[in-house]
Amino acid sequence: MDRLRAKKPTDILANAAKRFVRDLDMMPLYRPCRVPSLFTERMTRSKTDRKFFLKHAHHDHDVTAAVHVWNHPEEMEYVSLELIEDTLDLHLPDDVCKFLRKADRGVIEYVRYRFPYGDRVFTVKTEMTLSFWEHFYSIYEERG
């Protein structure tokens, strides 16, 4: 089966959902704030954070959950810390470039959270920077 052809309907739905979210401004920008339930208790939700977060939402239901968690980060449950080096193979040139881009942004670790939404459970990753602020990064549904 052609992977790209099989993935196309999912991409179409996800991209339509992302456009809908952007057009209606369902993920408003917030000033940096304290969220006591987070690992660092400090979070930003900027235009760049929103762009990365939506870019990593690959299904329409991921986008719907992303909108909710963006507006209600206090509902996330802490799971673990993850070093960037553990998510990349630094022997591959592409992964070295990714690592350097993240380092330029000041990212030192990912913080993994669980987030129940409806009848699904999602994993939300935030990037923790050198200044110990968390930025939304990715969301995906946990597979049973």
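Counting only distance, with no hydrogens or angles, the side chain of Tyr117 and the backbone of Asp62 share no donor-acceptor pair below 3.5 Å. The closest donor-acceptor contact from the side chain of Asp95 to the backbone of His91 lies at 3.5 Å or more, if one exists at all. A donor-acceptor pair under 3.5 Å is formed between the side chain of Asp49 and the backbone N or O of Ser46.
Put simply, the side chain of Thr87 reaches to within 4.5 Å of the side chain of Lys125, judged on heavy atoms. Between Val67 and Asn71 the shortest side-chain heavy-atom distance falls below 4.5 Å. Side chains of Leu29 and Lys47 form a contact here, defined as non-hydrogen atoms less than 4.5 Å apart.
Hydrophobic clustering of Ile, Leu, Val, Met, Phe, Trp and Tyr side chains at less than 4.5 Å, counting indirect connections, keeps Val121 apart from Tyr78. A continuous path of Ile, Leu, Val, Met, Phe, Trp and Tyr side chains, each step under 4.5 Å between heavy atoms, connects Phe39 with Val35, placing both in one hydrophobic cluster. In terms of hydrophobic clustering, with Ile, Leu, Val, Met, Phe, Trp and Tyr side chains grouped at heavy-atom distances under 4.5 Å, Ile108 and Val79 are assigned to different clusters. Side-chain heavy atoms closer than 4.5 Å link hydrophobic residues (I, L, V, M, F, W, Y) into clusters, and following such links, possibly through other members, connects Phe52 to Val107.
Of all non-hydrogen atoms in Pro73 and Met43, the two that sit nearest each other are CB-SD, 3.8 Å. Closest of all the heavy-atom pairs between Arg42 and Ser131 is NH1-O, 3.5 Å. Ile139 approaches Ala57 most closely through the heavy-atom pair CG2-CB, 4.0 Å. Taking all atoms of both residues into account, the shortest heavy-atom contact from His68 to Glu75 is NE2-OE1, 3.1 Å.
Among Phe122, Tyr140, Tyr137, the one residue that satisfies the ring pair (Phe, Tyr, Trp, His ring centres under 6.0 Å) test with His56 is Tyr137. A ring pair (Phe, Tyr, Trp, His ring centres under 6.0 Å) with Phe136 is found for exactly one of Tyr110, Tyr30, Phe115, Trp70, namely Trp70.
The local environment of CG in Asp94 is sparse, with at most 12 non-hydrogen atoms from other residues, nucleotides or ligands closer than 6.0 Å.
When only modelled atom types and interatomic distance are considered, Glu141 and His61 share a side-chain donor-acceptor pair under 3.5 Å. Donor-acceptor pairing under 3.5 Å is recorded for the side chains of Thr123 and Glu142.
Rounded to the nearest 0.5 Å, atoms CD (Glu127) and CD1 (Ile84) are 7.0 Å apart. Here Trp133 contributes atom CH2 and Thr126 contributes atom OG1; the two are 13.0 Å apart, rounded to the nearest 0.5 Å. In this structure, the separation between CD on Glu134 and CD on Glu109 is 10.0 Å, given to the nearest 0.5 Å. The CG atom of Leu38 sits 4.5 Å away from the CE atom of Met76 when rounded to the nearest 0.5 Å. The distance from the CZ atom of Arg45 to the SG atom of Cys33 is 4.5 Å, given to the nearest 0.5 Å. Remark: Leu83 CG to Met128 CE distance equals 9.0 Å, nearest 0.5 Å.
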